[in-house]
Amino acid sequence: MTEIRLTNTKTRKKEVFTPIDPDNVRMYVCGPTVYDRAHLGNARPVIVFDVLYRLLRHVYGADHVTYVRNFTDVDDKINAEAQRRKAAGDPRSLEELIRERTEETIGWYHADMDALGALRPTVEPRATDFIGQMIGMIEGLIASGHAYAKDGHVLFRVRSYQGYGKLSGRTVDDMIAGARVEIAPFKEDPMDFVLWKPSDADLPGWESPWGRGRPGWHIECSAMSHELLGDSFDIHGGGIDLQFPHHENEIAQSKCAHPEAEFAKVWMHNEMLQVEGKKMSKSLGNFFTVRDLLDKGIPGEVIRFVFLSTHYSKPMDWTLPKSREAIRTLRDWISVAEQSAQVPNAEVIAALADDLNTSLAITKLHELFSGGSYAELTASAKLLGFDLLALKSASWATPFERRDLVEWLDYNATVGSLGWGHFSEDTVTAIHNLLRRWMTLRWEAKWSQADDLKRSAELIGLRFEVSKSKDGTSSGTAHIEGDFDPAKLEALK
RNA sequence: GGCGGGUUGGCGGAGAGGUUACGCAGCGGAUUGCAAAUCCGUGUAGACCGGUUCGAUUCCGGUACCCGCCUCCA
């Protein structure tokens, strides 16, 4: 059996992974708050843990891995959007508007993450379906002295859990000294965090022993992971920004609610995404969603490839040159993909098993490609989530070629076009006519006119080339670039 | 201020205490008005200062710079 080693944030070491139950390996990953389209940063944990999920399924069997990723569908940003729609005159109730907003956002999320080649988790629980379990857990925490109710709020008593701060390497006193903590009047200690808070009539709420209210952010993951995966499970993942306070608070709640259990054995955190060297943020104007990229014609697999080319524990920079390089590599691989019973390459598996070294795994794929081991390349790429065979039918990966043999002046010439995607007969004929015009000008040695035409063609995404063979036959080729727009052809006719 | 991560050749990006990473770009050739594609060949590194060692880019210490979290933005 393949030995998997993973860096555990809890111990800050790379450890051999030993599942609690090899027949049911259990992983929980913090999912999105469903108030809007997923931005590019949201995609990183999805892709990283998708590769881990695929590796675990490969090693332990597809039916022996349970992957839970939640939807946070109770949140102030969701409420704000629903209230905005209500204020805009929508006659429906707030609850209906919230439900509609979260439903449509979940639909977008699924579509976008599917496009990135991410498998759907085994279970995708919604926080609002587990309110009862959250209330039960909070009641238990109050009973055991780890939480207290005050003014309709319930707070977790941070000082009651001595392990608090261990995951993120801080102490309660350090953090208070940091002076960035909110000091609310109902808190015993500034670091205490909210388990339950009251809702007024304008906010969604559920009846509870502390009045009508809604859960705090952290309790949902503790309640849902316990309900779906049990007291203790194998892997808990998410972005490094969640390490504190979200994961720290999850640990405190779960360990105090179930003191006999271990909760998550291995904690994994992916580093952040950057865009052209900077943090993605609305104020810098470099903020965009996965859908924005897909709509610009960047295939999901290309996004996935760029993400996996950097190890998950390092900041990953999204740049345009990287996506261009990725599309070329994928096209090369797709063009040679072969159906076979081949199993993934051992070195590729070993790279992934060594703390998800996707970058090294891609290096091995390059070597399989250059070594001509195409069946093995196909099988190995699939382990990383690239279905090269299926991509053969993707428009962006379909080579386009048409060659017309024509009588041309005093020799036979071939006029052809090359590109990626599908183009109509009329479009290609028009391209070939342009190409012939260019070749005529060249034949007549009208170089400046020829160059002018070539430049104009380049502006609409056509690159002309000519080559001459030894017998005096010459052939012209029009390269159809990614930004070619058939509609612009008219102007050059 | 507290905690954590990073700094590798033109660019991206890994492993390993000593032996070619790999990809892209570049350069030379097959071949050319210019240019593209393909093939063959090829150069370039380890932020800085110390230490350990026969030997460090790889281990240890320090410095500089960059980034993240501490604000319910992954």
Side-chain angles (χ1 to χ4, degrees), chain A residues 9 12 29-33 35-36 38-49 72 74-77 165 167-182 191 193-194 197 215-220 237-249 269-274 277-283 287 305-306 308-311 313-317 319 321-326 328-329 332 347 350-351 354 357-367 369-370 418 442 445 447 450-451 454 458 463-470 474 476-479 481:
Chain A
T9 311
R12 291 166 213 289
V29 173
C30 289
T33 301
Y35 68 102
D36 205 353
H39 65 245
L40 193 62
N42 289 307
R44 194 163 188 204
V46 172
I47 292 172
V48 165
F49 292 105
T72 299
V74 49
D75 175 88
D76 289 345
K77 286 188 289 292
L167 179 73
S168 50
R170 347 172 162 217
T171 66
V172 175
D173 292 323
D174 280 347
M175 287 183 280
I176 290 170
R180 285 233 212 172
V181 286
E182 171 200 359
M191 289 309 295
F193 59 89
V194 171
K197 53 192 168 187
W217 174 36
H218 316 291
I219 192 69
E220 61 173 86
I240 188 71
D241 56 326
L242 295 179
Q243 185 187 25
F244 186 90
H246 183 56
H247 290 161
E248 200 72 72
N249 293 354
H269 292 100
N270 61 276
E271 253 293 348
M272 298 288 98
L273 172 100
Q274 299 188 340
K278 293 201 169 87
K279 181 182 174 171
M280 184 168 76
S281 73
K282 285 174 179 164
S283 58
F287 182 96
F305 189 99
V306 170
L308 294 183
S309 66
T310 299
H311 192 256
S313 66
K314 288 193 173 185
M316 207 283 305
D317 198 13
T319 66
K322 280 187 181 180
S323 69
R324 291 203 192 99
E325 198 175 316
R328 284 187 48 165
T329 302
D332 282 348
E347 287 187 87
D354 184 12
N357 194 337
T358 51
S359 174
L360 186 61
I362 286 174
T363 291
K364 298 300 173 191
L365 296 183
H366 278 300
E367 289 170 3
F369 174 75
S370 56
L418 289 172
R442 286 166 44 86
W447 302 117
D451 289 349
K454 186 180 175 179
E458 274 169 5
R463 202 182 70 240
F464 291 163
E465 292 167 14
V466 72
S467 62
K468 194 185 278 182
S469 65
K470 294 206 163 62
S474 93
T477 305
H479 288 267
E481 305 285 6

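Protein chains get the first letters and strands the later ones, always in sequence-line order, with residue 1 at the start of each. No hydrogens, no waters, no symmetry mates; every other heavy atom, side chains included, goes into these values.
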T319(A): side chain to side chain contact (heavy atoms under 4.5 Å, CB included) partners, not counting sequence neighbours: E276(A), D317(A), P321(A), K322(A)

Separation of F369(A) CZ from T329(A) OG1 (nearest 0.5 Å): 8.5 Å

Check: protein-nucleotides 23-25 of chain B nitrogen or oxygen pairs below 3.5 Å:
| unit_1 | atom_1 | unit_2 | atom_2 | d |
| --- | --- | --- | --- | --- |
| G23(B) | O2' | E325(A) | OE2 | 3.3 |
| G23(B) | N3 | E325(A) | OE2 | 3.4 |
| C24(B) | O4' | E325(A) | OE2 | 3.3 |
| A25(B) | OP1 | R328(A) | NH1 | 3.1 |

Rounded C1' spacing from U57(B) to G18(B) in Å: 12 Å

Rounded distance in Å between the C1' positions of C59(B) and G1(B): 31 Å

Short side-chain N/O contact to G68(B) OP1/OP2 from K314(A), under 4.0 Å: no

Distance between C1' atoms of A74(B) and A35(B) (Å, rounded): 45 Å

Heavy-atom donor-acceptor pair, T363(A) side-chain to A14(B) base, under 3.5 Å: no

P-based separation of A14(B) from C22(B) [nearest Å]: 16 Å

Spacing of D76(A) atom CG relative to C73(B) atom C1', expressed in whole Å: 13 Å

Side-chain N or O of S168(A) closer than 4.0 Å to phosphate OP1/OP2 of C3(B): no

Secondary structure string for RNA chain B (Watson-Crick or G-U under 3.5 angstrom, | for other-strand pairs): (((((((..(((.....[...))).(((((.......)))))....(((((..]....))))))))))))....

Partner set under side chain to side chain contact (heavy atoms under 4.5 Å, CB included) for D451(A), not counting sequence neighbours: R455(A)

Counterpart residues, ring pair (Phe, Tyr, Trp, His ring centres under 6.0 Å), relative to H269(A) (two or more places apart): H247(A)

Which nucleotide in A14(B), A35(B), A74(B) has an atom nearest any side-chain atom of Y35(A): A74(B)

Heavy-atom donor-acceptor pair, D451(A) side-chain to G33(B) base, under 3.5 Å: yes

Separation between CD1 of I240(A) and OG1 of T9(A), rounded to the nearest 0.5 Å: 5.5 Å

Under 3.5 Å donor-acceptor, R12(A) side chain and L167(A) backbone: yes

Nearest-Å distance for atom pair CD/P, residues E248(A) and G2(B): 19 Å

Contacts of type salt bridge (charged side-chain N to carboxylate O under 4.0 Å, His left out), residue D75(A), not counting sequence neighbours: K77(A)

Same-atom distance (P) from A56(B) to C69(B), integer angstrom: 39 Å

Partner set under side chain to side chain contact (heavy atoms under 4.5 Å, CB included) for S359(A), not counting sequence neighbours: N357(A)

Spacing between Q274(A) atom CD and C67(B) atom P, to the nearest angstrom: 8 Å

Contact nearer the 5' end of RNA chain B, comparing K322(A) with N270(A): K322(A)

Gap between atoms CD and P, on E271(A) and A74(B) respectively (whole Å): 16 Å

Pairwise C1' distance for G12(B) and G6(B), with rounding to whole Å: 16 Å

Separation of the P atoms in C49(B) and C54(B), to the nearest angstrom: 23 Å

Options A35(B), C73(B), C70(B), nucleotide nearest the side-chain atoms of K77(A): C73(B)

Shortest side-chain distance from H311(A), nucleotide among A14(B), C34(B), C22(B): A14(B)

Pairwise P distance for U7(B) and U58(B), with rounding to whole Å: 12 Å

Base A74(B) paired with H39(A) side chain (donor-acceptor, <3.5 Å): yes

Out of C22(B), A74(B), A14(B), whichever nucleotide has its closest atom nearest the side chain of T310(A): A14(B)

Partner residues of D36(A) under the side chain to side chain contact (heavy atoms under 4.5 Å, CB included) criterion, sequence neighbours left out: R101(A), W108(A)

Minimum-distance nucleotide (side-chain atoms of L360(A) versus G68(B), A35(B), A14(B)): A14(B)

Rounded interatomic separation in angstrom, taking CD from E367(A) and C1' from A21(B): 8 Å

F193(A): partners by ring pair (Phe, Tyr, Trp, His ring centres under 6.0 Å), with sequence neighbours left out: F156(A), H218(A)

Atom-to-atom span, CZ of F244(A) to C1' of U71(B) - whole angstrom: 11 Å

M316(A) or P32(A), whichever maps to the more 5' nucleotide of RNA chain B: M316(A)

Proximal nucleotide (of G68(B), A14(B), C34(B)) relative to the K454(A) side chain: C34(B)

Closest heavy-atom pair and its distance - S168(A), E248(A): OG-OE1, 2.5 Å

For atom CG of D75(A) and atom P of C73(B), their distance in whole Å: 8 Å

Options A36(B), C67(B), G13(B), nucleotide nearest the side-chain atoms of S359(A): G13(B)

